[in-house]
Amino acid sequence: MNVKTVSIIGFGRFGQLMASLLHDDFEVLVCEDHLKDSKLVFAEGYKIVDFAESSLADAVILCMPISKTDEVTKALAGVISKQTIVIDTCSVKMYPVEIMKQNLPHNIILGTHPLFGPDSILAGLAGQKIIMCPDESSKIAFKFWKDFWEAKGVEIIKMSAEEHDRQAAFSQGLTHLVGRILGDMKLPKADISTKGSRALEDIVAQTNNDSWQLFDDLQKYNPYSKQMLGQFERSHDKIKQRLAKLIKDSTS
């Protein structure tokens, strides 16, 4: 497999990060309808392209919101080369993989989920992880990108899209849920903060720095979110009842 040009569709925070990680090894093309920072694109040596030119790259990496997958891949379908590999980076896997295969049946599809972002990668790329969900048709593409990322010190975890979403609902989905709840509480800074409370502060900072659209899409498009939320609510109610009893007993 010979990949020389990579097109990034979606130049938000994660698209910018992905471009920066790839530009030493590939010619990076940037496709973004509402590009807010063209100076950054030119300064980094990327090339701004339209949808048609973007679709002719050796690999197209989708870095837009999960909810845009259907719209973008339908638009790609009319112009994309059959030789182009299409890779998504969504935080859920079953929905985007199904949509990509449905809208781009002649292309090699590789579902991925980098378990890092602009904030969590500050300590470096080495030791970070990427989930990959290849099928029989994407074995060669999987090997190429697995070798590429492993050479950068990234650990590749191979699993099915369904298993990914089941685990993600109770890891990333739950973390964002707790982070948003605590963020809404607007907890004051405490002089007596413990290691545990500082860890919670880190969760709030990390999750609340992401967009509400990411939060909404994480919960909406993961079929296991409902199960996670149900378990969270049952456990919350159980602990709440315990506290209510303790408070009642202490005042009686």
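The structure presented is a predicted model; accordingly, all values stated were derived computationally and were not measured.
Rounded to the nearest 0.5 angstrom, Arg166 CZ and Met94 CE are separated by 12.0 Å. Between the CG atom in Asn209 and the CG atom in Leu214 there is a gap of 11.0 Å [rounded to 0.5 Å]. Within the model, atoms CZ of Arg180 and CD1 of Ile203 stand 13.5 Å from one another, a figure rounded to the nearest 0.5 Å. Atoms CG and NZ, on Asp191 and Lys189 in that order, are 11.0 Å from each other to the nearest 0.5 Å. Between Ser7 atom OG and Tyr46 atom OH the span is 13.0 Å, to the nearest 0.5 Å. With values rounded to the nearest 0.5 angstrom, Ser225 atom OG is found 9.0 Å from Phe170 atom CZ.
Follow the hydrophobic side-chain contacts under 4.5 Å out from Ile181 and you reach Met228 in the same cluster. Leu115 and Val97 fall into different hydrophobic clusters, where Ile, Leu, Val, Met, Phe, Trp and Tyr residues are linked whenever their side-chain heavy atoms come under 4.5 Å apart, directly or through other members. In the hydrophobic clustering of this structure, Met100 groups with Phe51; members are Ile, Leu, Val, Met, Phe, Trp, Tyr whose side-chain heavy atoms approach within less than 4.5 Å, directly or through other members. Under the 4.5 Å side-chain heavy-atom criterion for ILVMFWY residues, a single connected hydrophobic cluster contains both Leu200 and Met185. Residues Ile121 and Leu22 share a hydrophobic cluster, clusters being chains of Ile/Leu/Val/Met/Phe/Trp/Tyr side chains in contact below 4.5 Å.
In Ile140, the CD1 atom is not crowded: 12 or fewer heavy atoms of neighbouring residues, nucleotides or ligands sit closer than 6.0 Å. Counting heavy atoms of neighbouring residues, nucleotides and ligands inside a 6.0 Å radius, atom CD of Gln227 exceeds 12 of them.
Annotation: side chain to side chain donor-acceptor pair (under 3.5 Å) contacts involving residues 237-246, sequence neighbours excluded, comprise Lys245-Asp249. For residues 213-252, the pairs satisfying ring pair (Phe, Tyr, Trp, His ring centres under 6.0 Å) are Tyr95-Tyr221, Trp212-Phe215, with sequence neighbours left out.
Ring pair Trp149/Phe142: centre-to-centre distance not below 6.0 Å.
Paired with Thr112 under the rule side-chain contact (heavy atoms from CB on, under 4.5 Å), one option of Leu62, Ile131, Ile156, Ile87 passes, and it is Ile87.
Looking at heavy atoms from C-beta onward, Met132 lies out of side-chain contact with Ile157 at the 4.5 angstrom threshold. Annotation: side chain of Met18 is not in contact with side chain of Val28 (no heavy-atom distance under 4.5 Å). The shortest distance between side-chain heavy atoms of Thr5 and Phe26 does not fall below 4.5 Å. By the 4.5 Å heavy-atom criterion applied to side chains, Ile85 and Asp58 are not counted as neighbours. At least one side-chain heavy atom of Val6 sits less than 4.5 Å from a side-chain heavy atom of Ile8. You'll find the side chain of Leu110 stays beyond 4.5 Å of the side chain of Val86, heavy atoms only. Side-chain atoms of Asp165 and Pro223, non-hydrogen and from C-beta on, do get closer than 4.5 Å to each other. Between His113 and Ile130, every side-chain heavy-atom pair lies at or beyond the 4.5 Å cut-off.
Of all non-hydrogen atoms in Val204 and Gly179, the two that sit nearest each other are CG2-O, 4.1 Å. Closest approach of Arg13 and Pro118 over heavy atoms only: NH2-CB, 3.5 Å. Counting all heavy atoms, side chain and backbone alike, Ser55 lies closest to Leu76 at CB-CD2, 3.7 Å. Across His164 and Ser91, no two heavy atoms sit closer than the pair CE1-O, 3.2 Å. Heavy atoms only, all atoms of each residue included: Ser138 and Asp135 are closest at OG-N, 2.9 Å. Taking all atoms of both residues into account, the shortest heavy-atom contact from Lys129 to Phe116 is O-CD2, 3.6 Å.
Glu32 contributes a side-chain N or O that, together with a main-chain N or O of Phe11, makes up a donor-acceptor pair within less than 3.5 Å. Judged by distance alone, the side chain of Ser197 and the main-chain N or O of Ser193 form no donor-acceptor pair under 3.5 Å. Between the side chain of Gln219 and the backbone N or O of Gly173, at least one donor-acceptor pair lies under 3.5 Å. Counting only distance, with no hydrogens or angles, the side chain of Thr73 and the backbone of Thr69 share a donor-acceptor pair below 3.5 Å. Asn107 places no side-chain N or O within donor-acceptor distance of the main-chain N or O of Gln83, the cut-off being under 3.5 Å.
Classification of Lys143 and Asp147 as a salt-bridged pair holds, one side-chain N sitting under 4.0 Å from a carboxylate O. Comment: Lys93 does not engage Glu162 in a salt bridge, judged by the lack of any side-chain N to carboxylate O separation of less than 4.0 angstrom. Between Lys139 and Glu136 a salt bridge is recorded (basic side-chain N to carboxylate O distance below 4.0 Å). Salt bridge status for Arg198 with Glu201: absent, with no side-chain N to carboxylate O gap under 4.0 Å. Ion pairing between a basic and an acidic side chain is recognised when a charged N comes within 4.0 Å of a carboxylate O; Lys68 and Asp217 show no such pairing.
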Should Lys47 and Glu27 be marked as a side chain to side chain contact (heavy atoms under 4.5 Å, CB included) after you check the CA-CA gap, both sets of side-chain angles, and the distance that decides it?
CA-CA 8 Å; Lys47 180 181 179 182; Glu27 179 185 3; 4.2 Å; yes
With side chain to side chain contact (heavy atoms under 4.5 Å, CB included) as the criterion, how do Leu187 and Leu182 come out once you've worked through the C-alpha distance, each side chain's angles and the decisive distance to 0.1 Å?
CA-CA 7 Å; Leu187 301 173; Leu182 294 178; 4.3 Å; yes
Let's go through Gln206 and Ser120 carefully: what are the C-alpha distance in whole Å and the side-chain angles of both, what is the deciding distance for side chain to side chain donor-acceptor pair (under 3.5 Å) to 0.1 Å, and is it a yes or a no?
CA-CA 8 Å; Gln206 182 177 327; Ser120 58; 5.1 Å; no
Using side chain to side chain contact (heavy atoms under 4.5 Å, CB included), reason through Ile61 and Ile9 one step at a time and then give a plain yes or no.
CA-CA 6 Å; Ile61 301 182; Ile9 297 184; over 6 Å; no
Under the side chain to side chain donor-acceptor pair (under 3.5 Å) criterion, do Gln167 and Glu163 qualify, and how do the steps go?
CA-CA 6 Å; Gln167 292 191 28; Glu163 177 61 16; 2.6 Å; yes
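Aromatic ring pairs are classed by plane angle as parallel below 30°, tilted from 30° to 60° and perpendicular above 60°; the pair Trp145 and Phe148 is perpendicular.
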